[in-house]
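Before any comments, here is the structure.
Just so it is clear, the model here is predicted, and its values are computed rather than measured.
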Amino acid sequence: MAGPASVSSTAPDPACYPQPHDRPLAGAPHPDRLVHPRLYACECAGTALLMVFGLSTNILLGAAGSPVGRLLAAHPALQVALQGLFFGLGGTLAALSPFGRVSGGHVSPSVTLAFTLMGRLAWRDMLGYIAAQLAGAVLGTGLVALAGLIWPRWAAWSHATHFSATLPSAWVPLGWAFTGEICTTALLIGSLLFMGGTARLRWVTPLVAGPLFFMLNPFEAWLSGDSTNLARSLGPALFSGQWRGFWIYGLAPFAGVALMVGLVRLGILGAIELHEARVAHFGHHGRAPYLLPWRRPGRG
């Protein structure tokens, strides 16, 4: 006869999950828990982390007055490639952080929409995630701007680069930038879904963005800024006042997501079994653990 230990070995550990039968990141929220503020708060914090790291490194790399910017000015292709790499690494840090462990580390409305269309996130949670990501992007950009009050030279670099705002090229029709954003977003989402849905490659998923943007930025950054992320574009636009062509970043990334998810649904990328709406910290079966380590009841 099975004892208590056998039962506990198969049941969710209540010490690790606030609501062990709630599975919001598998698209199966408990009927009594249709919204998940704790997940949204962690997603907001993760997006702020992305923006602080991504904007700070991009300003340092791109500002003509910074030592690194002056060094790279003679190598513009390498300069924008490194900007893509470091912004992508910001997403990696956010996904692997304690915040990403709870929320799944989407840090982009595009990623959240993809998981929703794949049936791994409820529409109500999608709206909560996107609102949190937009708020986190504004918060993160605000922290970068606040640093300028302490270090005036940083303020000058930030304003000179428009807080690393994504802007469509003034030399080509806006439709080109729109198409570029669709294509780059589709490539990003396809990579994440393929890696996350392939067991042997799952560990690579949070590492994808940096190398991908390193390769894409030299071709796309001049055209549209290579955003793929409405939240990433909103923060800098708000603080720099650069809104030209902003509608592109509100429409094109979502179109790219819809295109790629449609291809996945048709089996173009092979059989993809996506179990969780996560970029990292897989294995929770759609549940969301506590943010901080939690001691088992009754243990020291």
Side-chain angles (χ1 to χ4, degrees), residues 13 16-18 23-26 36 38-58 60 82-115 118 120-121 125 129-130 132-133 135-137 139-141 143-144 185 187-217 227-229 231-232 235 274-294:
D13 186 351
C16 296
Y17 304 98
R23 301 173 63 216
L25 298 179
H36 301 86
R38 186 172 57 87
L39 273 68
Y40 312 153
C42 285
E43 190 67 10
C44 178
T47 307
L49 176 60
L50 160 71
M51 297 301 287
V52 169
F53 184 87
L55 294 183
S56 297
T57 54
N58 274 223
L60 186 63
L82 289 174
Q83 286 180 311
L85 173 65
F86 279 93
F87 220 111
L89 289 177
T92 299
L93 289 176
L96 295 176
S97 72
F99 307 116
R101 179 172 176 266
V102 177
S103 71
H106 305 186
V107 300
S108 167
S110 302
V111 176
T112 295
L113 177 62
F115 286 141
M118 291 293 292
R120 290 297 172 257
L121 197 70
D125 281 328
Y129 266 62
I130 291 177
Q133 290 155 358
L139 172 61
T141 310
L143 292 173
V144 173
T185 304
L187 286 172
L188 173 65
I189 296 302
S191 300
L192 293 177
L193 293 181
F194 179 75
M195 298 295 181
T198 306
R200 69 180 185 279
L201 299 176
R202 200 162 287 151
W203 66 273
V204 182
T205 309
L207 309 177
V208 164
L212 182 64
F213 285 124
F214 179 84
M215 293 185 291
L216 292 178
N217 246 29
S227 171
T228 75
N229 182 342
R232 179 260 181 271
L274 191 68
H275 298 294
E276 295 182 88
R278 290 184 172 278
V279 176
H281 300 292
F282 296 97
H284 295 282
H285 306 289
R287 304 180 187 92
Y290 286 103
L291 175 62
L292 300 176
W294 202 262

Exercise. Look only at the side chain of R278 and the backbone of R101, and say whether a donor-acceptor pair between them is shorter than 3.5 Å.
Key: yes
Quiz item: Any donor and acceptor pair, going by atom type alone, linking the side chain of R202 with main-chain N or O of G196 inside 3.5 Å?
Solution: yes
Quiz item: Which atom pair, heavy atoms only, marks the closest approach of P289 to V102?
Solution: O-CG2, 3.5 Å
Self-check item: Separation of F213 CZ from T228 OG1 (nearest 0.5 Å)
Solution: 3.5 Å
Quiz item: About how many Å separate NE2 of H285 and CD of E276, when rounded to the nearest 0.5 Å?
Solution: 7.0 Å
Quiz item: If every non-hydrogen atom of L274 is compared with every non-hydrogen atom of G197, which pair is closest and at what distance?
Solution: CD1-N, 4.1 Å
Quiz item: Closest heavy-atom contact between A114 and I189?
Solution: CB-CG2, 3.7 Å
Exercise. Could you tell me whether a side-chain N or O of T112 sits under 3.5 Å from a main-chain N or O of I130, the two making a donor and an acceptor?
Key: no
Self-check item: Test item: T57 side-chain N/O and G54 main-chain N/O as donor-acceptor pair under 3.5 Å
Solution: yes
Quiz item: Does the side chain of F115 reach to within under 4.5 Å of the side chain of L25, using non-hydrogen atoms?
Solution: no
Quiz prompt | CA sep, side-chain torsions, deciding dist, call: D125, L39, side chain to side chain contact (heavy atoms under 4.5 Å, CB included) | solution = CA-CA 9 Å; D125 281 328; L39 273 68; over 6 Å; no
Practice problem: Hey, can you tell me if Y129 and H106 have their rings parallel, tilted or perpendicular (30° and 60° cut-offs)? | Solution: tilted
Exercise. Taking the side chain as every heavy atom from C-beta outward, state whether L55 and R232 have any atom pair closer than 4.5 Å.
Key: yes
Quiz item: Any idea which heavy atoms bring V208 and S191 closest together, and the distance?
Solution: CG1-CB, 3.7 Å
Practice problem: State, yes or no, whether a side-chain contact exists between T205 and L192 at a heavy-atom distance under 4.5 Å. | Solution: yes
Quiz item: Under 3.5 Å, side chain of R38 to main-chain N/O of A288, donor-acceptor pair present?
Solution: yes
Quiz item: Rounded to the nearest 0.5 Å, how far apart are CG of N229 and OG1 of T47?
Solution: 7.5 Å
Exercise. Report the distance from atom CG of L212 to atom CG of L85, rounding to the nearest 0.5 Å.
Key: 11.0 Å
Quiz prompt | T92 (side chain) donor-acceptor with P206 (main chain) under 3.5 angstrom | solution = yes
Practice problem: With rounding to the nearest 0.5 Å, note down the distance linking OG in S56 to CG in L143. | Solution: 9.0 Å
Exercise. Could you grab the distance from atom CE of M118 to atom CG of L113, nearest 0.5 Å is fine?
Key: 12.0 Å
Quiz item: Should V144 and M51 count as side-chain neighbours, where that means a heavy-atom distance under 4.5 Å?
Solution: no
Quiz prompt | Where L50 and G91 come nearest, the two heavy atoms and their spacing | solution = CD1-N, 3.3 Å
Exercise. Using a 4.5 Å cut-off on heavy atoms from C-beta on, say whether the side chain of H284 contacts that of Y17.
Key: yes
Quiz item: Does the side chain of S110 come within less than 4.5 Å of L188's, by heavy atoms?
Solution: no
Quiz item: When you look at OH of Y40, are more than 12 heavy atoms from neighbouring residues, nucleotides or ligands closer to it than 6.0 Å?
Solution: yes
Quiz item: Any donor-acceptor pair under 3.5 Å linking the side chain of E43 with the backbone of Q133?
Solution: no
Exercise. Compare every heavy atom of F99 with every heavy atom of G46, then report the nearest pair and how far apart it is.
Key: N-CB, 4.1 Å
